[in-house]
Trainee: 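Dropping a structure here in structure tokens format, bear with me for questions.
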There are 2 protein chains.
Amino acid sequence: MSRASETAYEKIRNFILQGEAQPGMQLTEEKLSDIAGVSRTPVRDAVQRLENELLLVRSASKRLSVANWSDGEIDEMFTLRAMLERHAAERAAKRMDADSLDQLREINGVLKSAVNRSEPDIGAFLNANRQFHDLILNCAQSPRLSKLLPALVEQPVVRRTAHQYSVKDLAQSGKDHDELIAAFAAQDENWAGAIMTSHIRRAFHTFSETTNNGGKR
Amino acid sequence: MSRASETAYEKIRNFILQGEAQPGMQLTEEKLSDIAGVSRTPVRDAVQRLENELLLVRSASKRLSVANWSDGEIDEMFTLRAMLERHAAERAAKRMDADSLDQLREINGVLKSAVNRSEPDIGAFLNANRQFHDLILNCAQSPRLSKLLPALVEQPVVRRTAHQYSVKDLAQSGKDHDELIAAFAAQDENWAGAIMTSHIRRAFHTFSETTNNGGKR
DNA sequence: TCACTTCCTATTGTATACAATTACCAAAGG
DNA sequence: CCTTTGGTAATTGTATACAATAGGAAGTGA
């Protein structure tokens with residue numbers, strides 16, 4: 001995307017995710033253009049994107065506010081994400097080529113080395129994890145899916161959990177990826193789909209525990 | 001949404017769906033603002049929405065063009081739609097109240113009366129059908145789902161099939177709705193989900209036949 | 001005190017002018 | 001004949017001014 005529009009998106013997004021904005025907080029386009037340092041025009045572009053990702057919501061009278069997720073809605077989000085990522089994994093398993101497999105292995109290596117050290121590097125972990133899932137999504141070769149999924153991934157979760165992962169959770173993620181790679185190598189779509197499903201379920205479980213929302217499904 | 005922005009959305013959408021625009025055709029924001037009769041500002045809003053629905057696509061250099069779906073992509077769209085609508089039906093089955101049930105019955109009545117006449121009223125049928133599915137989506141009470149699904153429904157299909165439905169297909173749709181209503185009344189989520197899945201599959205099959213794309217899955 | 005009306009203000013929506021980017025084409029050089 | 005390079009026109013991106021609309025506070029009457 002264009003420069004101002006993109007920086008607006010990123011700055012507003014960080015503003016929301018990294019704690020400066022309270023859920024439910026009212027915002028105006030002008031405040032956001034101050035934050036982003038650009039005029040309202042690109043801000044409006046960014047806002048529309050963030051509305052699609054449901055990070056921002058508009059009241060009946062067009063007023064903007066920061067989304068405020070209920071536990072039930074977060075649960076639902078993980079459920080949908082599990083459905084769609086499973087589907088992506090299934091498609092990817094049928095379409096995976098040797099090059100992509102190698103890349104997956106490499107990314108997974110980075111991910112593990114970020115975890116296997118005295119002080120795990122959460123940033124590097126999250127980054128590699130994202131790359132891993134993005135690559136699978138690409139291999140699925142579905143433009144629709146590529147539009148739908150990113151709006152579901154990560155966002156409302158990052159702020160609350162980024163510094164709360166346990167080493168055990170991080171290690172489990174690496175193991176899941178190992179299994180996924182094996183499933184892709186075997187071109188076994190059912191296996192890949194099943195692993196992906198439980199992978200996301202685990203992510204939800206981790207989320208529920210670290211945020212003490214009861215972990216009910 | 002706002003007036004100009006909304007009319008722009010509708011006019012451009014009609015322009016695409018009702019045959020004036022060829023798939024792959026290049027467009028400019030200025031042409032679109034001529035079509036819509038408003039300035040570029042609201043047009044850009046509308047374009048962003050239509051990009052999300054994948055009716056418009058942007059080339060690497062930001063040029064706009066009308067989407068051109070391959071058979072495989074349309075297939076994929078129906079698959080995703082089936083997944084999400086099934087999920088919506090399952091949730092709706094657990095949350096359906098007496099009022100909504102009555103409304104569903106009423107809408108279904110309208111739908112059938114649009115079909116059971118010497119000259120079926122396709123417009124009325126499509127309208128009632130849409131209302132039916134929208135109501136189910138509302139009952140599912142999932143903001144995420146309500147964002148994701150509408151971008152998948154109907155669009156790239158309407159133009160090619162609107163006047164091609166057979167009376168048999170239309171009648172089958174009414175029967176599916178009967179079964180869905182029964183499943184909702186019984187609050188049987190598995191039943192509702194199963195019916196919805198085959199309902200969408202049938203829609204895809206009908207689509208494939210009437211467009212002679214081979215109907216391969 | 002409560003409801004209702006009426007302003008004023010804050011906020012969003014739209015148009016337009018201008019800046020920046022990109023494509024297109026023609027001319028030059030190999 | 002092909003490729004490259006420059007310039008120009010077309011197109012998208014951004015800022016700003018203004019219009020329209022919604023919210024809220026102050027005032028009025030019962």
Side-chain angles (χ1 to χ4, degrees), chain A residues 1-16 20-68 143 146-147 150-151, chain B residues 1-16 20-68 143 146-147 150-151:
Chain A
M1 270 211 121
S2 57
R3 209 181 97 265
S5 185
E6 184 65 18
T7 63
Y9 172 77
E10 286 169 8
K11 289 208 177 162
I12 297 170
R13 192 165 167 282
N14 285 338
F15 177 74
I16 297 172
E20 299 205 56
Q22 295 305 315
M25 173 182 180
Q26 288 239 22
L27 296 169
T28 69
E29 295 178 354
E30 200 167 4
K31 275 206 179 68
L32 293 177
S33 64
D34 285 347
I35 291 171
V38 296
S39 80
R40 272 180 57 214
T41 308
V43 164
R44 281 171 67 85
D45 277 18
V47 163
Q48 200 178 337
R49 284 175 70 185
L50 293 162
E51 277 183 84
N52 265 321
E53 296 172 1
L54 295 185
L55 283 182
L56 292 177
V57 292
R58 266 186 200 281
S59 67
S61 57
K62 320 296 176 68
R63 249 71 170 181
L64 276 176
S65 57
V66 178
N68 191 8
S146 297
K147 278 276 181 197
Chain B
M1 270 212 126
S2 58
R3 208 181 97 264
S5 186
E6 184 66 17
T7 64
Y9 172 77
E10 287 169 7
K11 290 208 176 163
I12 297 171
R13 193 165 167 281
N14 286 338
F15 177 74
I16 296 171
E20 299 206 54
Q22 296 303 316
M25 173 181 180
Q26 288 239 23
L27 296 169
T28 69
E29 294 179 353
E30 200 166 3
K31 276 206 178 67
L32 293 177
S33 64
D34 284 347
I35 291 172
V38 296
S39 80
R40 273 180 56 212
T41 309
V43 163
R44 289 183 114 246
D45 278 17
V47 164
Q48 201 179 334
R49 283 175 70 186
L50 292 163
E51 277 183 85
N52 265 322
E53 296 172 0
L54 296 185
L55 283 182
L56 293 177
V57 293
R58 264 185 201 283
S59 66
S61 57
K62 319 296 178 66
R63 250 69 171 180
L64 277 177
S65 57
V66 178
N68 191 8
S146 296
K147 279 275 183 199

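Note that these values count all heavy atoms, side chains included, but never hydrogens, waters or copies made by symmetry. Remember, predicted model here, so these are calculated numbers, not experimental data. Here is how names work: the chains are called A, B, and so on, in the same order as the sequence lines, proteins then strands, and each is numbered from 1.
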Trainee: May I ask you to list the residues of residues 29-44 of chain B, by number, that have any heavy atom positioned under 4.0 Å from an atom of DNA chain C?
Mentor: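 Heavy-atom cutoff 4.0 Å gives B:V38, B:S39, B:T41, B:P42.
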Trainee: Which heavy atom of B:D45 sits nearest to which heavy atom of B:S5, and what is that distance?
Mentor: CB-OG, 3.5 Å
Trainee: Taking all non-hydrogen atoms of both residues into account, name the closest pair between A:N52 and A:A151 and its distance.
Mentor: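 Looking at all heavy atoms of both residues, the closest pair is O-CB, 4.3 Å.
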Trainee: Would you grab the first and last nucleotide of DNA chain C (5' to 3') that comes under 4.0 Å of any non-hydrogen atom in chain B?
Mentor: C:dG13 to C:dA23
Trainee: Restricting to side-chain contact (heavy atoms from CB on, under 4.5 Å), what partner residues turn up for B:I35, sequence neighbours left out?
Mentor: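 In terms of side-chain contact (heavy atoms from CB on, under 4.5 Å), with neighbours along the sequence ignored, B:I35 is linked to B:F15, B:L32.
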Trainee: Once side-chain contact (heavy atoms from CB on, under 4.5 Å) is applied, do any residues pair with A:S39, and if so which ones, sequence neighbours excluded?
Mentor: A:T41, A:P42
Trainee: Looking at every non-hydrogen atom in both residues, tell me the closest pair between B:V38 and B:A8 and how far apart they are.
Mentor: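 Heavy atoms of B:V38 and B:A8 come nearest at CG2-CB, 4.1 Å.
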Trainee: Once you round to the nearest 0.5 Å, how far does CG of A:D34 lie from OG1 of A:T28?
Mentor: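 Answer rounded to 0.5 Å: 8.0 Å.
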Trainee: Listed by chain and number, what are the side chain to side chain donor-acceptor pair (under 3.5 Å) partners of A:E6, not counting sequence neighbours?
Mentor: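 Residues passing side chain to side chain donor-acceptor pair (under 3.5 Å) with A:E6: A:R49.
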Trainee: Please write out each protein N/O paired with an N/O of nucleotides 19-25 of chain D under 3.5 Å, distance rounded to 0.1 Å.
Mentor:
residue	atom	partner	partner atom	Å
D:dG23	OP1	A:S61	OG	2.7

Trainee: Give the minimum heavy-atom separation between B:A21 and B:V66, together with the two atoms involved.
Mentor: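 Answer, listing the atom of B:A21 first, then B:V66: CB-CG2, 3.9 Å.
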Trainee: Going by salt bridge (Lys or Arg N to Asp or Glu O under 4.0 Å), name the residues that satisfy it together with B:R58, two or more places apart in sequence or in a different chain.
Mentor: B:E29, B:E51
Trainee: Holding to side chain to side chain donor-acceptor pair (under 3.5 Å), I want the full list of residues that pass it with A:E30, two or more places apart in sequence or in another chain.
Mentor: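 Applying side chain to side chain donor-acceptor pair (under 3.5 Å) to A:E30 gives none.
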